[in-house]
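Residue numbers run from 1 in the order of the sequence given. All heavy atoms count here, side chains included; hydrogens, waters and symmetry mates do not.
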Amino acid sequence: ETVAGRLVLVALFVLVLALKPAAAASPWALQVGGVLMLTSLFPRWRRVLIALAALVWIVIHPSDHGGMLLNLAIASGSENVMAFQLAIVGGVLLFAWAAFAGIRRFPGSVFARRPVFALVLFYCSLVTFASTVPLSPKLKVILWSFIAALAGYLWFIAYSLKDANGKERRTFGIELGGYYAFWGSPPTPWPKGSSYLSRVEAKDAHELAVTQLKGMRLLLWAMLLNVVMLIFEWVVVGRRSHLSDAIGCLPTLRVPDLFEVLQASAQHRWVPWGLRWASLLSYFLDFTLSLAVYSHVTIAICRMAGFRALRNMYAPLSATTIAEYFNRIYYYFKELLVEFFFFPTYFRWFRGKPRLRMFFATLAAAGLGNMLYHYLRDPSRILRDGLWRSLVRFQSYAVYCVILGLAVGFSQLRHTRRRSRPTGLLAVLASARVCLFYCLLIPLDHPARLSLAQVTGFWWSLLLP
């Protein structure tokens with residue numbers, strides 16, 4: 001609980017963090033360590049320091065949504081690409097500040113009552129306008145650059161606009177600290193918005209000590225999982241890494257990559273039946289491990305900064321229902337869907353029919369909300385293919401969302417009737433059934449982007465040896 005103890009713990013934390021290959025190859029670990037040192041020395045100024053760190057992070061790493069903003073900056077012919085990116089991101093943040101101030105100034109307006117709906121509608125209108133209206137080359141680059149930057153901040157802004165009418169009168173500068181937090185927030189806000197950070201912030205030296213120790217423990221667990229993941233990738237897939245020399249003595253099964261298997265099946269070049277299943281299961285486990293490592297490192301840094309944030313992933317393979325797995329695998333994405341899609345639907349529709357009300361709200365979140373989030377997340381696809389063609393090519397993921405929404409909804413209804421959680425062999429069988437369900441959904445969500453007919457053909461091939 002002493003200042004010296006905090007500094008020693010932060011130094012050990014950064015030392016362990018630097019063992020991660022991606023962190024060791026860049027000054028990122030030292031940058032994170034510098035901010036953690038400041039928040040440990042001056043806990044009363046924690047939120048201000050995090051907001052300042054967010055501004056520095058934006059300058060050092062402008063929001064670059066999948067490389068789209070950088071490519072547009074180069075296409076603009078600007079002499080200073082970095083200045084172009086910063087100008088576009090600055091315009092997005094200015095827009096967010098204006099919307100935040102507008103809600104504070106006119107709390108009874110339609111926009112203030114439905115801020116998230118208005119924000120998403122504005123974004124969709126921009127995309128539709130940019131996709132359908134003929135524009136000059138320069139104006140087209142500027143507009144799509146603004147769309148690309150806004151896509152990266154869309155749900156961060158949504159959280160802050162939702163909190164603008166709250167009881168706590170936070171300034172926009174404090175809200176900005178959660179937009180591009182130094183612990184590395186992805187397009188999905190981790191951990192949620194500024195109001196959540198206020199609820200989980202350590203209030204005294206004892207809480208801070210407990211929170212930082214939990215952060216250190218989570219980082220150590222992430223490093224252990226990282227080693228397990230690298231061994232798994234070498235033994236199963238044959239993928240080389242910085243540990244290849246140490247584990248090269250282990251045999252490798254060389255299971256083909258699922259991307260290659262799906263591409264081959266789309267061209268009716270079938271790999272052996274056993275390898276189809278092996279590639280599907282290995283992709284599922286590898287994805288789970290990689291997401292666990294990334295999630296735990298991010299939340300560990302957040303905890304070291306003094307916030308008792310919940311894990312983003314917690315033992316998903318032990319889930320015994322489809323709904324439980326959905327809640328455990330990507331907690332903060334689930335929370336985003338709950339905040340912006342489940343609750344608005346739940347409090348508005350079917351109030352006299354509780355079971356239908358729960359099912360419909362779940363379908364709106366895990367189905368419609370999930371679909372909308374992922375379609376709007378990648379504007380480069382819309383720019384490349386056009387509005388209509390991008391929607392047509394999104395058909396597989398749309399079916400994925402419908403199936404997932406229905407499955408989670410029915411799982412919740414069934415779970416409410418269950419009196420107790422299965423144990424022993426029944427729990428293992430239930431978990432295996434849940435994992436199999438999510439494995440079979442992978443081809444609909446895979447980066448190979450197969451059509452619905454191709455995915456159906458691959459599913460059929462899994463049944464035929």
Side-chain angles (χ1 to χ4, degrees), residues 120 155 186-188 258 262 280-281 283-288 290-292 295 312-346 349 355-378 381 390-416 418 430-460 462:
V120 174
W155 301 106
T188 303
L258 182 60
L262 292 177
L280 189 65
L281 294 174
Y283 178 88
F284 173 76
L285 293 175
D286 189 38
F287 170 79
T288 304
S290 60
L291 181 58
S295 299
N312 182 61
M313 179 190 289
Y314 183 75
L317 300 183
S318 66
T320 57
T321 67
I322 293 173
E324 185 184 5
Y325 181 94
F326 186 71
N327 186 53
R328 287 171 174 261
I329 188 68
Y330 201 158
Y331 176 75
Y332 289 112
F333 176 60
K334 186 271 301 183
E335 285 293 288
L336 183 150
L337 296 178
V338 168
E339 290 275 354
F340 300 134
F341 297 96
F342 180 89
F343 283 143
T345 306
Y346 184 81
W349 300 99
R355 291 176 62 81
L356 180 59
R357 183 186 192 187
M358 174 69 74
F359 179 81
F360 190 70
T362 301
L363 184 60
L368 177 61
N370 191 354
M371 188 190 315
L372 187 64
Y373 172 91
H374 283 91
Y375 181 73
L376 299 181
R377 188 180 66 172
D378 189 9
R381 178 178 56 243
S390 65
L391 282 170
V392 172
R393 292 186 174 181
F394 202 66
Q395 58 179 309
S396 294
Y397 194 81
V399 172
Y400 166 89
C401 293
V402 172
I403 295 175
L404 181 63
L406 291 172
V408 173
F410 284 120
S411 176
Q412 281 187 323
L413 293 180
R414 184 183 178 188
H415 181 66
T416 56
R418 184 188 296 174
S431 298
R433 184 175 65 249
V434 170
C435 292
L436 178 61
F437 169 79
Y438 280 96
C439 276
L440 292 175
L441 284 184
I442 288 175
L444 291 170
D445 182 30
H446 195 270
R449 296 296 176 222
L450 301 186
S451 67
L452 191 57
Q454 291 169 337
V455 172
T456 305
F458 179 75
W459 281 340
W460 183 251
L462 293 175

**Fill in**
Interatomic distance, CG@Leu258 vs NE2@His446, rounded to 0.5 Å, equals 4.0 Å
**Message:** Quick check: do Met313 and Leu291 have side-chain heavy atoms less than 4.5 Å from each other?
**Reply:** yes
**Request:** Please determine which of Val338, Leu337, Leu336 meets the side-chain contact (heavy atoms from CB on, under 4.5 Å) test together with Phe340.
**Result:** Leu336
**Message:** With a 4.5 Å cut-off on side-chain heavy atoms, are Leu372 and Phe341 touching?
**Reply:** yes
**Prompt:** Do Arg357 and Trp349 have side-chain heavy atoms sitting under 4.5 Å apart?
**Reply:** no
**Message:** Which residues pass the side chain to side chain contact (heavy atoms under 4.5 Å, CB included) test with Leu281, not counting sequence neighbours?
**Reply:** Cys439
**Complete:** Scanning both residues in full, the closest heavy-atom pair of Ser411 with Ala323 reads OG-N, 3.1 Å
**Message:** Counting neighbours of CH2 on Trp459 that are heavy atoms of other residues, nucleotides or ligands and sit closer than 6.0 Å, is the number greater than 12?
**Reply:** yes
**Asked** Which class fits the ring pair Tyr283 and Phe287: parallel under 30°, tilted 30 to 60°, perpendicular over 60°?
**Response** parallel
**Message:** Side chains of Ser431 and Tyr325: any donor to acceptor distance under 3.5 Å?
**Reply:** no
**Asked** Closest heavy-atom contact between Thr320 and Arg433?
**Response** O-NH2, 4.4 Å
**Complete:** When rounded to the nearest 0.5 Å, the distance separating CZ of Arg449 from CG of Leu262 is 11.5 Å
**Request:** Quick one: which residue pairs count as a salt bridge (charged side-chain N to carboxylate O under 4.0 Å, His left out) with a foot in residues 315-328, not counting sequence neighbours?
**Result:** Glu324-Arg328, Glu324-Arg421
**Message:** How about OH on Tyr314, more than 12 heavy atoms from neighbouring residues, nucleotides or ligands closer than 6.0 Å, or not?
**Reply:** no
**Complete:** Sorted by chain and number, sequence neighbours left out, salt bridge (Lys or Arg N to Asp or Glu O under 4.0 Å) with Asp445 holds for none
**Item:** Value rounded to 0.5 Å, distance of CD1 in Ile322 from CG in Asn327
**Value:** 14.0 Å
**Message:** Side chains of Leu440 and Phe458, heavy atoms from C-beta outward: is any pair under 4.5 Å?
**Reply:** no
**Prompt:** Atom OG1 of Thr188 and atom OH of Tyr330: how far apart are they, to the nearest 0.5 Å?
**Reply:** 3.5 Å
Check residues 393-400 and write down every donor-acceptor pair under 3.5 Å in which the side-chain atom is one partner and the other belongs to a residue at least two apart or another chain.
from: Arg393; atom 1: NH1; to: Asp385; atom 2: OD1; distance (Å): 3.2
from: Gln395; atom 1: NE2; to: Val392; atom 2: O; distance (Å): 3.4
from: Ser396; atom 1: OG; to: Leu450; atom 2: O; distance (Å): 2.6
from: Ser396; atom 1: OG; to: Leu452; atom 2: N; distance (Å): 3.3
from: Tyr397; atom 1: OH; to: Asn370; atom 2: OD1; distance (Å): 2.9
from: Tyr397; atom 1: OH; to: His374; atom 2: ND1; distance (Å): 2.9
from: Tyr397; atom 1: OH; to: His374; atom 2: NE2; distance (Å): 3.4

**Asked** Does a side chain donor of either Ser295 or Tyr331 reach within less than 3.5 Å of an acceptor in the other side chain?
**Response** no
**Fill in**
When every non-hydrogen atom of Pro316 is compared with those of Thr288, the smallest separation belongs to CG-CG2, 4.1 Å
Donor-acceptor list for residues 358-367 side chains, cut-off 3.5 Å, not counting sequence neighbours:
from: Thr362; atom 1: OG1; to: Met358; atom 2: O; distance (Å): 2.8
from: Thr362; atom 1: OG1; to: Gln412; atom 2: OE1; distance (Å): 2.5

**Prompt:** How many angstroms lie between CD in Gln454 and CG in Leu444, if you round to the nearest 0.5 Å?
**Reply:** 12.0 Å
**Asked** Taking side chain as C-beta onward, heavy atoms only, is Leu368 less than 4.5 Å from Thr345?
**Response** no
**Request:** Please identify each residue that fulfils salt bridge (Lys or Arg N to Asp or Glu O under 4.0 Å) with Glu335, with sequence neighbours left out.
**Result:** Lys192
**Complete:** Rounded to the nearest 0.5 Å, the CG atom of Leu356 sits from the CG atom of Leu413 at a distance of 9.0 Å
